[in-house]
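FYI, the numbering just counts along the sequence from 1.
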Amino acid sequence: MIKSEIVSIMDNYPVIALAVSGGADSMAMAEWFRQNRPKDSYVIINIDHHIRGEESKRDSDFVSDFAKKYGIKLYRYDIDCLSFAKQNGYTIEQAARILRHQIFEQAAAEYAYVVATAHHMSDQAESVFMHIARGTGIDGLMGMSVLDGHIFRPLLHTSKAEILEFIKVNRITYCQDSSNNDNAYSRNYTRNAIMPSVMQKYPTFDKSLIKLAERAREIADFIDTHTPTLIVENGGVYCDFKDKHKVIKAEMIKRAFSILGVTADIEERHIEAIIDFAKSTKSGSLDMPYNTIVYKEENGVTICKKLAFENKTYRFSEGCFEIGGFELRVQKVKKNKLKSMSAVCENGLEKTLYIATDNFESLDIRLRKNGDKIQKFGGGSKSLGDFLTDKKVPLRFRDRLPVVADGKNVVCVCGVEISECAKVLENSENTFKINITSII
């Protein structure tokens, strides 16, 4: 019943927890494991959802009797789906799934490696159809996978007919769930009303949906192979769109949000807005859900979490300072130790700069303020905002880059450049090395 390519996967997991409800599919799965796997390689999980009253308890007792009869270790759980749904505004289906998967996650963490559910080929076809009906992309068209984190679906390549034949040959008893006939549940409506109706006209419709899921998975694999690796740098995820197809751009955007911990509510309209923003002549930034913001940079965009930093002020001296999401390390340099004053560029910022402080009585380390100016090399001064624009400093850095300042006169934009008045000369007595490192 369970295909050989899936049986080989089982050997990777010393203990598998079987989610058994008492229904036909899960009881067939439990019996197959009983006949084909060592007893110490699996346990049974049963969850009473308390949706069907005494019938729910009857099913749980039935599973308990099966486990006891064959000496299989059983973990039995009770959950109150109705109260959970009412308190949180979920449908009963949603509440049951959330609570059930919390238990599955706990099981995989505490006493099993994966949790096996009894989803089969017809379930796969129904899932793909429901995703299409609700509106979906490639991810939804793929349907379910055999392995999905801690969830294992050993029957996913097995047809309902094969399961029923296995039940018949092995004389397996099981419970009938009366709620399976209630078409108020979207899954039941799809299974009981829509699929049979469509398959009267198109008898192979379910198989076509499964083929569609297979093709979608192949396309997803292709997209995955051709999507660049993304990382967080200086608090943001840069997506280089140069020479990228729109499909790859969309995948990069989704992955960037995921890396930042945003896995919900990023919709197609948000992705379209970011792609349009990147190719437009607009400057500035674009607000997104979950306190995120998108900046246009170079050949693409950088997606960041919105962060607020306290504008602390430190007296300039040797030492380490945390400000604006950066760590500054300031060290005084002796003349005979000053081998090189060249800057080292890292992640778009010059990691190390050198300044001379001979011309200043005192200096502060702080973030930029309105009215700040900087004396350029070659003469003249400029507002700090215009200077940062000329230097093409990314917009997301401009308000959080630490500066060394004498009042409104900025003598060093850390990681970018120093002022003419802070240049290290041959006769400079007080020279400092300033090293900047991102800490977010």
Side-chain angles (χ1 to χ4, degrees), residues 230-238 256 259-262 285 287 290-295 297 302-334 337-338 340-357 360-374 383-385 387-389 391-419 421-422 424 430-440:
L230 303 177
I231 59 173
V232 178
E233 289 183 333
N234 298 305
V237 181
Y238 174 61
I259 290 171
L260 294 172
V262 179
S285 58
D287 286 337
Y290 281 96
N291 201 38
T292 55
I293 188 166
V294 179
Y295 296 98
E297 290 184 14
T302 296
I303 303 172
C304 309
K305 280 279 194 178
K306 288 181 183 177
L307 299 171
F309 299 99
E310 182 183 355
N311 195 349
K312 299 177 182 178
T313 299
Y314 301 98
R315 182 66 65 191
F316 183 82
S317 64
E318 286 191 284
C320 290
F321 308 89
E322 288 189 10
I323 182 169
F326 293 97
E327 179 185 84
L328 288 189
R329 184 178 294 273
V330 180
Q331 294 174 283
K332 191 167 185 180
V333 183
K334 294 182 180 179
K337 299 290 185 182
L338 192 59
S340 171
M341 293 187 298
S342 62
V344 179
C345 186
E346 183 175 278
N347 299 330
L349 296 174
E350 291 177 345
K351 187 176 178 183
T352 303
L353 292 173
Y354 294 82
I355 67 168
T357 62
F360 308 99
E361 290 186 10
S362 65
L363 295 169
D364 292 328
I365 297 171
R366 58 173 174 80
L367 303 183
R368 63 181 284 201
K369 294 180 180 179
N370 290 333
D372 281 347
K373 293 185 177 295
I374 187 168
S383 74
L384 184 57
F387 176 80
L388 295 174
T389 300
K391 287 291 181 182
K392 295 183 170 52
V393 174
L395 185 62
R396 63 192 172 105
F397 290 141
R398 295 183 192 178
D399 286 331
R400 69 181 189 90
L401 272 176
V403 300
V404 180
D406 177 18
K408 292 289 186 181
N409 180 31
V410 173
V411 303
C412 174
V413 182
C414 302
V416 180
E417 194 170 288
I418 66 170
S419 164
C421 59
V424 177
N430 298 296
T431 301
F432 292 86
K433 179 172 74 171
I434 303 175
N435 183 274
I436 184 170
T437 306
S438 176
I439 56 175
I440 61 171

Atom pair CD1 (Ile303) and OG1 (Thr292), whose distance is rounded to the nearest 0.5 Å
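It comes to 7.5 Å.
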
To the nearest 0.5 Å, atom OG of Ser285 lies from atom CD1 of Ile293 at 3.5 Å

Quick check: does any side chain N or O of Arg398 sit under 3.5 Å from a backbone N or O of Val393, one acting as donor and the other as acceptor?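 Present.
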
Backbone N or O of Lys369 within a donor-acceptor pair of the Asp372 side chain at under 3.5 Å? yes

Contact summary for [X] and [Y], nearest pair of heavy atoms:
X	Y	result
Asn234	Arg396	O-NH1, 3.4 Å
Val403	Arg368	CG2-N, 4.4 Å
Val424	Ala356	CG2-N, 3.8 Å
Cys304	Gly236	SG-CA, 3.7 Å
Ile434	Cys412	CD1-SG, 4.0 Å
Ile374	Ser419	CG1-CB, 3.9 Å

Donor-acceptor pairs under 3.5 angstrom involving side-chain atoms of residues 316-332: please list them, not counting sequence neighbours.
| residue | atom | partner | partner atom | Å |
| --- | --- | --- | --- | --- |
| Glu318 | OE2 | Lys332 | N | 2.8 |
| Lys332 | NZ | Asn430 | OD1 | 2.9 |

The side chain to side chain contact (heavy atoms under 4.5 Å, CB included) partner of Leu401 among Val416, Leu384, Leu367 is Val416

### Message
Could you tell me if Thr352 and Asn435 have a donor-acceptor pair between their side chains, going purely by distance under 3.5 Å?
### Response
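Note: Asn435 and Thr352 side chains meet the donor-acceptor criterion.
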
